[in-house]
Number of protein chains: 4
Amino acid sequence: MTTTRKDNGRPRADARTGTSGGARRRAKGSSTLASERREHLVKLAAELFAEKGYQATTVRNIADEAGILSGSLYHHFDSKESIVDEILTSFFDELAAANQAALAEGGEPREVLSELVRICFGTLVPHRAAIMVLQNDWNYLKQFDRFDYLNKAEAETERLWVGQIKRGQESGLFREDIDPKLTYRMIRDTIWVTVRWFQPEGRLDADGLADHYIKVLFDGISQHR
Amino acid sequence: MTTTRKDNGRPRADARTGTSGGARRRAKGSSTLASERREHLVKLAAELFAEKGYQATTVRNIADEAGILSGSLYHHFDSKESIVDEILTSFFDELAAANQAALAEGGEPREVLSELVRICFGTLVPHRAAIMVLQNDWNYLKQFDRFDYLNKAEAETERLWVGQIKRGQESGLFREDIDPKLTYRMIRDTIWVTVRWFQPEGRLDADGLADHYIKVLFDGISQHR
Amino acid sequence: MTTTRKDNGRPRADARTGTSGGARRRAKGSSTLASERREHLVKLAAELFAEKGYQATTVRNIADEAGILSGSLYHHFDSKESIVDEILTSFFDELAAANQAALAEGGEPREVLSELVRICFGTLVPHRAAIMVLQNDWNYLKQFDRFDYLNKAEAETERLWVGQIKRGQESGLFREDIDPKLTYRMIRDTIWVTVRWFQPEGRLDADGLADHYIKVLFDGISQHR
Amino acid sequence: MTTTRKDNGRPRADARTGTSGGARRRAKGSSTLASERREHLVKLAAELFAEKGYQATTVRNIADEAGILSGSLYHHFDSKESIVDEILTSFFDELAAANQAALAEGGEPREVLSELVRICFGTLVPHRAAIMVLQNDWNYLKQFDRFDYLNKAEAETERLWVGQIKRGQESGLFREDIDPKLTYRMIRDTIWVTVRWFQPEGRLDADGLADHYIKVLFDGISQHR
DNA sequence: CATGAATGAGCTTTCATTCAT
DNA sequence: CATGAATGAAAGCTCATTCAT
């Protein structure tokens, strides 16, 4: 048995931290190479999923891009689903970690919320494909049990945001007449959906977008003298 | 020559205005009946597209829902594409008309913008399927030339919104430090994306949602003394 | 029951002679009108079969051409096969009659053969479609029992031609070293296949073609002093 | 990059000359084997096309004959069209090469023409299917752009034949009162159409047929004392 | 006679996946 | 690890034909 991960596609803890256990086990480091190959394939697939959509991307498309035959992909992944799973998992894991860190740092609700917004916008470039898939293909992917964990992660995120909004209302910082849950959803969607047209090379980069949005979010578009 | 429309799937003018020319022909009643049957099928398809997505919905799914065989659908439509085309066209036509009407009525930019927002939220229920398809399947559909007209319609809508935002800035009503185009896109996306979780039977109906969003949009979530 | 012929598609004797029995039965002559309508439809179908081929021509193509719906064709014919059957039958009947007449007239084998050749070329215009179908679609149609009669008719024609060739050889008019049956087949094919490129409006009309071919057939292309 | 040819179906030069480049690569042997499999499938398809016609032969028919599923054929070919394309191309390439060789050898027009006739008859057995398809299905296939090259090839062949006929007329060998183009077409058609009834096992083989036809062509069927 | 709706069988093609080599 | 061949299920679509109205 090799260390190649074909089982569930969910990265094990050590795979994410970068301290590959495989390297320790294999003097020659071949499993690390394998892992690099694997990550390369995931990246290629991600690009295609982002561009054409998950369903419209065939495993042959991915294989072609990698210069191999479609059947050969199954040495690295046990299904097309497991590839996208890997893309999504890595995104969610990173996001959750960043969110936790922001929370841990503490501060006024406005500061925390701003930081959460900035974190979201910050994933737009490194996790473009995952967000694109979530925006375009989630309606399809949600039917598979294997992706249930995404709903759980999202619920947890919602809990966290809504908590901050309520805290802001209680401390008199935020208006009383807004619905925390509703407001969270709108913020969330507004941010993620930008992935469809956002161009990192454009006039505004991700940080610029975040700043712009934070302004509007907290104070609206009206002129307040 | 028959009245069955299989050609381009784009509704004729009289079909959109509501003063159905077909009604006048009702003497034989067949053309109206045919049109009703057709509309019924479109509705069934729309429901399925909304729920499962365009690609994941098979023509057999649609036919099953209608209690006929898949081949029989082709008596009414040229192709699967032409069905979704019909759904989208009817949405865009109605939206464009409503937008024009709002513009024509005039008023301060804040009033016009509020009305535009309300119009958008107002389509959430009657055109749920079209909006759902646009959110979930546009990335796929855009590759087909036949849907190019949607891009044109969207460009026109953008022109209209951005015009109002700029007018508001010029008259000192809206902040100078927001980007009109960017702001429009965020508003647009924030509204349409709600289709994914909006439940008309829930706590807030479409009007309630609109009001809530208009508040946040103009004045932000911060408490302004 | 009307006099409309839906049964086997093979014209009854009186239908071919032109002295329509139907006219006698119906004072109003409606059946004659029906017959004209029917013949018109056959003509339209023939044109399409000639141009696109039998298989590639759909009953909808035919109906479209006639300005009716495909189902309506089945009031006149009981199947697509019966339409082509009618086209072929009328061709073969006329050809057989002309051949018989040529035989009956008698004369030297060279004269008779020339006449037979001329008859064949003479059908090129009035029976273009039938000949085209026979050239292009016979390989497909032959599988259906209903067209077996065409083989019999062809066998009879072959008997007749071969008889003349043999008679010519016996009387010393034709070379001894040619195979009668083989020669017949080549003559036959050479003539009919011209339907693919023959243009009645071109440099040579059907008679011109016949004369040209007769020259070559009897004396070859070599210069004989 | 693999050696499997799915692109245009037109054989590469080395595949036609017989000095298979694949043979050199035989070390692994896979590419040669693949090519053999492919050729085998083409042969099976050719047989079916010849017997039932191109349109009437389904890809399932072909797959059944090969003992595989219809979808599996698409591992080897792009489409049904590309299979027949391969059949026709290989025929035309070989014919063109043989014609060129005959021309290059030179000789009196009568000799050259005789050789051309013999070449045509000579393809009757090895390329039976291609010729059959051309006779029966060309009327259908010609509508596809991909087969335009066949028209060009035919035009080139015509140029070549007509040139020889004219040369014969100028040198006084052939009669002046025959139309070169017309004569060519009749010769051409007379030869190819024999594919419909020619049986290599019969009384005359392809050479016998050719000799018989050459006799009639040059000197006619009349007894010339 | 014609319509309009539907049938039912079949079509070519696609595609994720498997597996012996 | 990769290939090449195949599977098997399903996809969108076509078409001759039927039949109640």
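Lettering of chains follows the sequences in order, A, B, ..., and the numbering in each one begins at 1.
Listed pair D:R60 / E:dC11 meets the phosphate criterion, a side-chain N or O lying under 4.0 Å from OP1 or OP2. Distances shown here put every side-chain N or O of D:H75 at or beyond 4.0 Å from the OP1 or OP2 atom of F:dG4. Under 4.0 angstrom from either OP1 or OP2 of F:dT7 there lies at least one side-chain N or O belonging to D:S72. Between F:dA2 and A:R37, a contact under 4.0 Å exists linking OP1 or OP2 to a side-chain N or O. Close to F:dT17, at under 4.0 Å from its OP1 or OP2, lies a side-chain N or O of C:Y74.
The number of heavy atoms from other shown groups lying within 6.0 Å of NZ (A:K43) does not exceed 12.
Nearest-nucleotide mapping onto DNA chain E: of C:L41 and A:Y54, the residue sitting toward the 5' end is C:L41. Nearest-nucleotide positions on DNA chain E place C:G71 closer to the 5' end than the other of C:G71 and A:T58. Taking the nucleotide of DNA chain F with the nearest heavy atom to each of B:E81 and A:L73, the more 5' of the two is matched to A:L73.
Nucleotide F:dC1 forms no Watson-Crick or G-U wobble pair with any nucleotide shown, as no partner meets the under 3.5 Å limit on both distances. Nucleotide E:dT17 forms a Watson-Crick or G-U wobble pair with F:dA6, both donor-acceptor distances falling under 3.5 Å. Nucleotide E:dA9 has F:dT14 as its partner under the Watson-Crick or G-U criteria, with both atom distances under 3.5 Å.
Counting to the nearest Å, the C1' atom of F:dC15 and the CD1 atom of C:I83 are 14 Å from each other. Remark: C1' of F:dA11 and CD of A:Q55 are 13 Å apart, rounded to the nearest angstrom. Between D:L69 atom CG and E:dT17 atom C1' there is a gap of 14 Å when expressed in whole angstrom units. Residue D:H76 contributes atom NE2, which lies 15 Å from atom P of E:dT14 at whole-angstrom precision. Protein atom CG of C:D64 is 14 Å distant from nucleotide atom C1' of F:dA16, rounded to whole Å. B:E65 has its CD atom 18 Å from the C1' atom of E:dA6, to the nearest Å. One atom, CD1 of B:I62, and another, P of F:dA11, lie 11 Å apart when rounded to the nearest Å. In this structure, D:I68 atom CD1 and F:dA9 atom P are separated by 17 Å, rounded to whole Å.
Note on ring orientation: taking the six-membered ring where Trp is involved, the planes of C:W138 and C:F147 are perpendicular (angle over 60°, cut-offs 30° and 60°).
If you check the side chains of A:T89 and A:D85, you find a donor sitting under 3.5 Å from an acceptor.
Heavy atoms of B:S70 sit under 4.0 angstrom from at least one base atom.
When each of B:K80, B:R38, B:R146 is paired with B:E86, the salt bridge (Lys or Arg N to Asp or Glu O under 4.0 Å) condition holds for B:R38 and for no other.
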Q.
Between D:V42 and D:I87, does the side-chain contact (heavy atoms from CB on, under 4.5 Å) criterion hold? Intermediate values first, please.
A. CA-CA 7 Å; D:V42 170; D:I87 294 167; 3.6 Å; yes
| field | From CA spacing to verdict: side-chain contact (heavy atoms from CB on, under 4.5 Å), D:N136, C:Y140 | value | CA-CA 9 Å; D:N136 296 327; C:Y140 172 74; over 6 Å; no
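Closest to the C:V59 side chain, of the nucleotides F:dA6, F:dT17, E:dT13, is F:dT17.
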